[in-house]
2 protein chains.
Amino acid sequence: MGVTLKQLAASLGLSPTTVSRALNGFPEVNAATRERVRAAATKANYHPNTRAKSLATGRAQAIGHVIPVSTSHEIVNPIFADFIAGAGEVYSRAGYEMILRIVADADEASAYDNLIARGAVDGIMVHGPRVHDPRVELLAGLDIPFLLHGRTSNVTAPYSWLDINNHRSFHRATQFLIDFGHRRIALVNGLEDMDFASRRRKGYLEALSGAGIEPDPMLMRQAEMTEPYGYRAAQEMMQLPDPPTAFLASSMIVAYGLRRGFSDLGLKLGRDVSVVTHDDELSYLPNDGDVPMFTATQSSVREAGRRAARMLLQLVTDPDCGPLTELMETSLVLGASTGPASR
Amino acid sequence: MGVTLKQLAASLGLSPTTVSRALNGFPEVNAATRERVRAAATKANYHPNTRAKSLATGRAQAIGHVIPVSTSHEIVNPIFADFIAGAGEVYSRAGYEMILRIVADADEASAYDNLIARGAVDGIMVHGPRVHDPRVELLAGLDIPFLLHGRTSNVTAPYSWLDINNHRSFHRATQFLIDFGHRRIALVNGLEDMDFASRRRKGYLEALSGAGIEPDPMLMRQAEMTEPYGYRAAQEMMQLPDPPTAFLASSMIVAYGLRRGFSDLGLKLGRDVSVVTHDDELSYLPNDGDVPMFTATQSSVREAGRRAARMLLQLVTDPDCGPLTELMETSLVLGASTGPASR
DNA sequence: TCGCATTCTCAAACCGCTTTGGATGCGGGC
DNA sequence: GCCCGCATCCAAAGCGGTTTGAGAATGCGA
C-alpha cells in the first residue's frame, strides 16, 4: 500500500537502481543525489516492501519462535512472555521480525519444517526442550541456524543453546538448606520430562547424597507449575508423619502456592518452614524490596531472551561461527522465606 | 532452501503454471495430472515460498501484534501470553502467520506504519488500548484492517473491537458486595489511563452511588498490577482508621497480593474481609475447584484471543464487512473469598 | 583536441510465485 | 471436411525489490 521504489524513482527522475543503491549506502552514488533520495524517501514515508526485499536478497529478516502448548494441559508457560519481550527488543533493534507459532506439541515437528521450507525465517528459537527432544536432530538436518532456550540431554552432536545452570542452582539451594540444618527437604518440581526440571532434580539429589541424606520419594513431586499445585504440595506434604522442614520450588508461582498452603495451616514462612524458589524475575512477580519475600535462585528470563536473540542473530549472520553456547549462573538471593531448621 | 515450483515442474515435465494450478485446486487441470503433481509435491516436501507467494498475491498471510511495554515500568502484562496463545491457534488453522513486535510505548506509532508500509501484515491486533489512545485514529488513516482487544473512549468514528464488559462486570461485583452488607469497599485497580481500568472504576463508582455510598479516595488505588502492589494495598488500607471490609481486585495477581497482605495481618479471607477479583483464567493461575478460592468476575482471555483472531481474519478477508464489535460478558463466580460484612 | 580513467547512472535479469491470455489437440455437430 | 467448443497445458508478464554488467558524463593529462 505504501510507495514503491519505482514510484519513488520516477518522482525523482532517477532509476530504481540508483535509488536502491542510494538508500542502501552503496559507494557509487553521488553524495548530493543520495541526500536528495533520502529526503524524498522519508518525506514519502517510503519503506521497502519486506517480502520483495527478502525475495531478492534471499534473507527473510525474521526469526521464528515455536511455542509448544501441551495438548494435555493447555498451559502456557508464563516465562514465554518475558523471554519473548527480551528477544523482541533485540530483534527490532536489528531490523528483524519475530514470527510466532503456537502449536500443540504433537504438531511441532511439522511446524518447523513448514516454517523453513516456506522460507519464512532465517533462524529458529526452540522453546521448552525436553530431556529427550527429537527437535534438535530434526533441526540439525534442516540446515538452518537454531538455538535452544535450555538444553536437551540425549543429543551427542553439538548444537547452540543458552541455558541457566539449573543443576548448580538447585544444588546450591539444597546445600544452603542443608547448612541451615534441614534434612527433610522437599522438591516441588516442574514436569521432569522437561530438561530444566530434570537437571534441577539431579542437582537436588546430588546435594542430598553429598550430605548423606537418603532421598524420600514422598518429598518429590513434579507437575505443571501452577499455583494450586504448590498449594496442594504444601498441604499434603505437611501432613506426612515426618513432614519436610524445607521446600524447593520450581517457580515463583509454585512458591506462592506453597506459601498459601502454609498460611492456611498456620505456619509462618521462614520460621516454621523454609522455602527456596527459582525466580525468573517476571515483571509482575517481583521478588525484591529490602528483604525479598523468597530466598531464591534468581535469573532474569528477560535478559536470557535478550542474550539468546543476540546469539541467534549471530548464528544467522555468520552460520559458521560454530555452535554457540552460554551457561548463565543464577544468583542465590537471601530472602525472608528461609531460616534454620527449628527442631 | 526447499524445492522451488520451477524445479518441481521441471521434474514432472510440466510448466510452473500447471503445477501451480494443480496445487491450488484450479479446475482447468486434468485430475490425473493433479494427482501426479500432488504426489510429487509431498514427496519432495514442497512448500511454496511464503515471500514469493505473498508478493505475487499481494496478501501477506500474516497478522501483526504490537505489544507495548511501558518504558517506565517495563512490565509485560501476563495476559498477553494467553491471549496470543488463543489467537495463534486460530491463525495457524487459517494458514496465517503471527508476527509480533514488542515496542516501548513511545515507539509504537512508528511500529505500526513501519509494519504496514513494508507490507508485512494484512491486519493488526491492537493491545492494551488506553482511555485516550491515538493509535485508533492513526490506524484508521492507514487503510488496513485492525481490531482492538479492548476499547478506547475518546474516538467517535466506529472501529472494530472485542472487549469484555468491564463496566457491568465491576458494577455487578460491587453490587454483590453491597448486597452482602459491605459499605467500605476498596478498589485496587490497574492503571486508570488504561481503558479497561477506567471502565471498571466507573462501574464501581456507579454501583456505590446507586447505593448511596460516598466513594472514599482513600479506598481507591491504581497501579501496575503486580503481586506486591496488592500486598501493600491490603496492608495499608487495613490500617486506616476506618478500614474497608471488602476489596475489588483488578487481576488474580493483585488478588494474591491482597490475600498475602491479609494473612500477614492475621485476617482470614471470606470471613474477616472479602475480595472479588477479575479472573482472566490464565492457565497457570486457575481459580477453580469445588469452591474456587476467589469470588471472581471471570472471562477467559484465551477465548478472547481466539474470537478476536477470528474477527480480525474476517475483516481481512472481507474488508467491507463493516466494523465488527463484540462485548463479552463475564460471569460472576462465587468463591470462598466473600462473605457478609461482619460488623 | 583527443584519449582514458573515474564517477555516476541505468537497463535488464533475477528471486519464486500467481495469473492473464493464448496455444494445442481432440471430439462432435453440421 | 470444416468449424467450434472444450479440456489441458503453457509462455510471459507481473509483484517490488537487489544486483550485474554496461553506458554516459565528467575531469584530467598529453
Side-chain angles (χ1 to χ4, degrees), chain A residues 1-38 40-41 44-62 95 97 114-122, chain B residues 1-38 40-41 44-62 95 97 114-122:
Chain A
M1 200 73 290
V3 198
T4 72
L5 183 69
K6 203 181 292 180
Q7 292 166 357
L8 187 64
S11 82
L12 281 161
L14 288 172
S15 79
T17 311
T18 306
V19 175
S20 170
R21 314 203 106 153
L23 292 173
N24 291 322
F26 281 67
E28 58 272 75
V29 61
N30 191 313
T33 312
R34 165 164 298 142
E35 256 333 294
R36 208 158 59 88
V37 172
R38 282 227 179 100
N45 191 30
Y46 168 77
H47 293 276
N49 182 302
T50 321
R51 312 193 295 266
K53 181 166 191 160
S54 62
L55 224 206
T57 57
R59 280 161 294 139
Q61 293 284 101
E97 223 63 84
N114 189 289
L115 217 45
I116 296 164
R118 301 186 111 91
V121 299
D122 297 322
Chain B
M1 198 75 287
V3 199
T4 72
L5 182 68
K6 202 183 293 182
Q7 292 166 357
L8 186 64
S11 82
L12 281 162
L14 288 172
S15 79
T17 311
T18 306
V19 175
S20 170
R21 314 203 106 152
L23 293 173
N24 291 323
F26 281 67
E28 58 273 72
V29 60
N30 190 311
T33 313
R34 164 164 299 142
E35 256 335 294
R36 207 159 60 89
V37 171
R38 282 225 180 101
N45 191 30
Y46 168 78
H47 292 277
N49 183 302
T50 322
R51 311 191 296 265
K53 182 167 190 159
S54 63
L55 224 206
T57 57
R59 280 160 292 138
Q61 294 283 101
E97 223 63 84
N114 189 288
L115 218 45
I116 296 165
R118 300 187 112 94
V121 298
D122 297 322

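Just so you know, these numbers use all the heavy atoms, side chains as well, and skip hydrogens, waters and symmetry mates. Lettering of chains follows the sequences in order, A, B, ..., and the numbering in each one begins at 1.
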Within this structure, what is the [atom1]-to-[atom2] distance between [X] and [N], rounded to whole angstrom?
X: B:L55; N: C:dC15; atom1: CG; atom2: P; value: 14 Å
X: A:R21; N: C:dT9; atom1: CZ; atom2: P; value: 11 Å
X: B:L8; N: C:dG16; atom1: CG; atom2: P; value: 14 Å
X: A:Y46; N: D:dG16; atom1: OH; atom2: P; value: 11 Å
X: A:K6; N: D:dT18; atom1: NZ; atom2: P; value: 13 Å
X: A:F26; N: D:dT18; atom1: CZ; atom2: P; value: 8 Å
X: A:L23; N: D:dT18; atom1: CG; atom2: P; value: 8 Å
X: B:L12; N: D:dT8; atom1: CG; atom2: P; value: 17 Å

Between [options], which nucleotide has the shortest distance from any of its atoms to the side chain of [X]?
X: B:E28; options: D:dT8, D:dT19, C:dC10; value: D:dT8
X: B:A56; options: C:dC17, C:dT9, C:dA12; value: C:dC17
X: B:N30; options: D:dT8, C:dA11, C:dT20; value: D:dT8
X: A:V29; options: C:dT9, C:dA11, C:dG16; value: C:dT9
X: A:A52; options: D:dT8, D:dG17, C:dG16; value: D:dG17

Counting only heavy atoms from other residues, nucleotides and ligands, does the tally under 6.0 Å from CZ of A:R59 exceed 12? no
So, applying side-chain contact (heavy atoms from CB on, under 4.5 Å) with B:S20, which one of B:N24, B:L23, B:T17 is it? B:N24
Using only atom types and a distance under 3.5 Å, with no angle test, would you say the side chain of [X] pairs donor to acceptor with the backbone of [Y]?
X: A:T50; Y: B:R118; value: yes
X: A:R51; Y: B:R51; value: no
X: B:N30; Y: B:A32; value: yes

Output yes when at least one side-chain N/O atom of [X] is less than 4.0 Å from OP1 or OP2 of [N], else no.
X: A:N24; N: D:dT18; result: yes
X: B:N49; N: C:dC17; result: no
X: A:T18; N: C:dC10; result: yes
X: A:S15; N: C:dC10; result: yes
X: A:K53; N: D:dT18; result: yes
X: B:S20; N: C:dT18; result: yes
X: B:T4; N: C:dG16; result: no

Remember a base hit wins even if backbone is also touched, and classify A:T57 as base, sugar-phosphate or nothing at under 4.0 Å, heavy atoms. sugar-phosphate
Report which part of the nucleic acid A:T33 touches: base, sugar-phosphate, or nothing (heavy-atom distance under 4.0 Å, all strands). sugar-phosphate
Both A:R59 and A:R51 contact DNA chain D. Taking the nearest nucleotide for each, which residue is further toward the 5' end? A:R51
Does any non-hydrogen side-chain atom of B:V29 lie less than 4.5 Å from one of B:T18? yes
